[in-house]
2 protein chains.
Amino acid sequence: MNAPARRRRSSGRVTLADVAREAGVSPITASRALRGERGVGPELVDKVRAAVERLGYVPDPAARALASSRSTQVAVLVPLLSNALFVDLLEAVHRVLFPAGYQALIGVTHYNPDEEEQLLRSYLAHRPAGLLVTGFDRTETARQLIQSSGLPCVHLMETTDAAGVYCVGFSQVEAGAALTRHLLARGRRRIAFVAAQLDPRTMQRAEGYRRALREAGCYDAKLELLSPERSSIALGARLLTELLATRDGIDAVFFCNDDLAQGGLLAAQRLGIRVPTDLAVAGFNDLAGSDQMVPPLTTVRTPRSEVGEAGARMLLQLMRGEQPRPSCVRLPYEVVVRQST
Amino acid sequence: MNAPARRRRSSGRVTLADVAREAGVSPITASRALRGERGVGPELVDKVRAAVERLGYVPDPAARALASSRSTQVAVLVPLLSNALFVDLLEAVHRVLFPAGYQALIGVTHYNPDEEEQLLRSYLAHRPAGLLVTGFDRTETARQLIQSSGLPCVHLMETTDAAGVYCVGFSQVEAGAALTRHLLARGRRRIAFVAAQLDPRTMQRAEGYRRALREAGCYDAKLELLSPERSSIALGARLLTELLATRDGIDAVFFCNDDLAQGGLLAAQRLGIRVPTDLAVAGFNDLAGSDQMVPPLTTVRTPRSEVGEAGARMLLQLMRGEQPRPSCVRLPYEVVVRQST
DNA sequence: CTGAAAGCGCTTACAG
DNA sequence: CTGAAAGCGCTTACAG
């Protein structure tokens, strides 16, 4: 009855061995039954389940990770939490992953490739079951770390046609062009583009803006105001003021993100500029509050929740060893026309 | 030269044993040297460090967790990521914890005690090294899970004088009272309190509001408008409209959070109400954009970054087995007077 | 101050 | 379909 009592470090924890004993099977069978591995007699599965219930067994993720070199954690890397966009993305990811038994290890890169590389290194040591990363812009080392980890990885927010790459996103270029065309359709010709952060996706929107204006024969490089500073409402106010002080005859502004646009709208009000009569103002992402602005802000509703959800589902497939088809999902965005344009 | 090649599952990973061999010491000594345990000869430490460097050794957190029943993860539970307040808090926590070798496992409870309990259960299975939780309001089961885990735990955002409880926060009651007294000092007498979410900290601010008004003999329960809905700019606009339609003679509004206040300010503008002439408007937390509103919003700057930083440092002490003194830190807030009052 | 042995709680690989 | 043995990569507990 007594276990040899020397050199024990028992944590008092209920282990798989306890469950197996209680169920009258071997630990391996209990393990297989619990993981839903096929090839275990249904009656045994029931017995094991009942024993788990009775003993209140909780599997030890560390032991599982060590033995299988796979954990139930999924590393999710996003640039920033202060952009509501990524919060929506993470919420959606969590909504899919958590019920499936996975936990999101959230890493914030601050749009800094070196920081991303460091986080990746640290998270990879934890043997995550999968990886969710934002976009394609990273250091070569980071790329190799992902590659050589052999882990399932889904790229979010951007899309590519490259083979063997899994991604869920939308065309930032097209969305930028669509919004610009809306401004052109409203009769605007001197359309400025104001951006901050200057991350890859922002620059893709800039590319869409340029394309649309070139098509219309209205492109003027001087109408671009690009700042490397971090995007914020305050910066939007500052940039609008600067824009109007240094460029003539501007009749519309496309801000690369709604926080900038909201700040621009508030600055216009302080400057006594009538929107949209004197100046049309548009943003991007349809963030909280944009519909409440005076006047309500025209913007592009981007499908970040859908991206998070579809991306997480795709990763789940990959972690199960399945082949998601298509390997790259392009989701729709929508130009939301309100009274600011 | 050849290891017995049967039944190997080697992951190809560089292990502590490799490091030990390379350094010419035993694995235990290598382990101790790496963890900075005192009582290892300085020369040996150097040798081990060099070997780690040469081999590119990365410790395996799963193995470490299994052997020591402690991981390098810290579970951090916050109510919401869509409130910028908690994003600031998390950033600060990460800034302290990550360089110290810990990773934050971020859990979002959505102000739902059952959800918190579920997350706690799931995170506790991962043997975190410590716990960071928001406030004191949770299910009895959650409380016991924390208690019986025996893990170091620091409570954030609120304070208590209860013995044996570690916390870093500020007095929500006093901050609420201070802002209310500012409105009183401005000559306002019919001061409304508009709140959403109705979480414990919001209700503590309400308590401060009541106290200050009672002291001034101005308290009127009808001036409170409390909504259980989630706080947002849009809701603030709606609540201000409702408030003014159903209450007479209101000369000031204290919104329990800045997003509501920003919405209120925008609604006032649409309604043609002059702020602060007709109505003083104040918020709470000093969130992004509040200084950019028209007029700029009076609010309370809450020390969330400081709370996150001090809380994480306190946890670090506890995880080292030290006794932080004091066990409860009360940080200062600041009433920021702008043009809306 | 340093080390040989055992153990943490699982799963893999091999058998039957 | 089920299981006994070994191993995942560390650290604890005991010795010296």
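Labels below follow one simple rule: chain letters A, B, ... track the order of the sequence lines, proteins then strands, and each chain is numbered from 1. Just so we're clear, the structure is a prediction, and the values are computed from it rather than from any experiment.
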What is the distance, to the nearest angstrom, from the [atom1] atom on [X] to the [atom2] atom on [N]?
X       : N      : atom1 : atom2 : answer
A:Leu55 : C:dG9  : CG    : C1'   : 15 Å
B:Arg70 : D:dT11 : CZ    : C1'   : 13 Å
B:Ile28 : D:dA15 : CD1   : P     : 16 Å
B:Glu37 : D:dT12 : CD    : C1'   : 10 Å
B:Arg13 : D:dC8  : CZ    : C1'   : 10 Å
B:Arg32 : C:dG3  : CZ    : P     : 9 Å
A:Arg21 : D:dG3  : CZ    : P     : 14 Å
A:Leu66 : C:dG7  : CG    : P     : 17 Å

Counting side-chain heavy atoms from C-beta on, which of [options] comes nearest to [X]?
X       : options                : result
A:Ala63 : C:dC10, C:dC8, D:dA13  : C:dC10
B:Ser68 : C:dG9, D:dT12, D:dC10  : D:dT12
B:Ser26 : D:dC8, C:dG3, D:dG9    : C:dG3
B:Leu16 : C:dC10, C:dT12, D:dT11 : D:dT11
A:Val40 : D:dC10, D:dG3, D:dT2   : D:dT2

For B:Arg35 and B:Ser31, what are the C-alpha separation, side-chain angles and deciding distance, and is it a side chain to side chain donor-acceptor pair (under 3.5 Å)?
CA-CA 6 Å; B:Arg35 280 174 296 137; B:Ser31 170; 2.9 Å; yes
Side-chain donor or acceptor of A:Arg127 under 3.5 Å from a matching atom on the base of D:dG9?
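Counting by modelled atom types and ignoring angles, no donor-acceptor contact under 3.5 Å is found here.
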Show me, range against range, the stems involving DNA chain C, built from at least 3 consecutive Watson-Crick or G-U pairs below 3.5 Å.
C:1-3 with D:14-16, C:5-12 with D:5-12, C:14-16 with D:1-3
Between D:dG3 and A:Thr29, is there an OP1 or OP2 to side-chain N/O distance shorter than 4.0 Å?
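Answer is yes, contact under 4.0 Å.
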Under 4.0 Å from OP1 or OP2 of D:dT12: is there any side-chain N or O of B:Arg35 that close?
yes
Should [X] and [Y] count as an ion pair when the cut-off is N to O under 4.0 Å?
X        : Y        : value
A:Glu309 : A:Arg313 : yes
B:Arg121 : B:Glu117 : yes
A:Arg201 : A:Glu158 : yes
A:Arg49  : A:Glu53  : no

Let me see the working for A:Leu90 and A:Leu81 under side-chain contact (heavy atoms from CB on, under 4.5 Å), right down to the final yes or no.
CA-CA 9 Å; A:Leu90 289 175; A:Leu81 289 180; 3.4 Å; yes
Less than 6.0 angstrom separating the ring centers of B:Tyr166 and B:His155, yes or no?
no
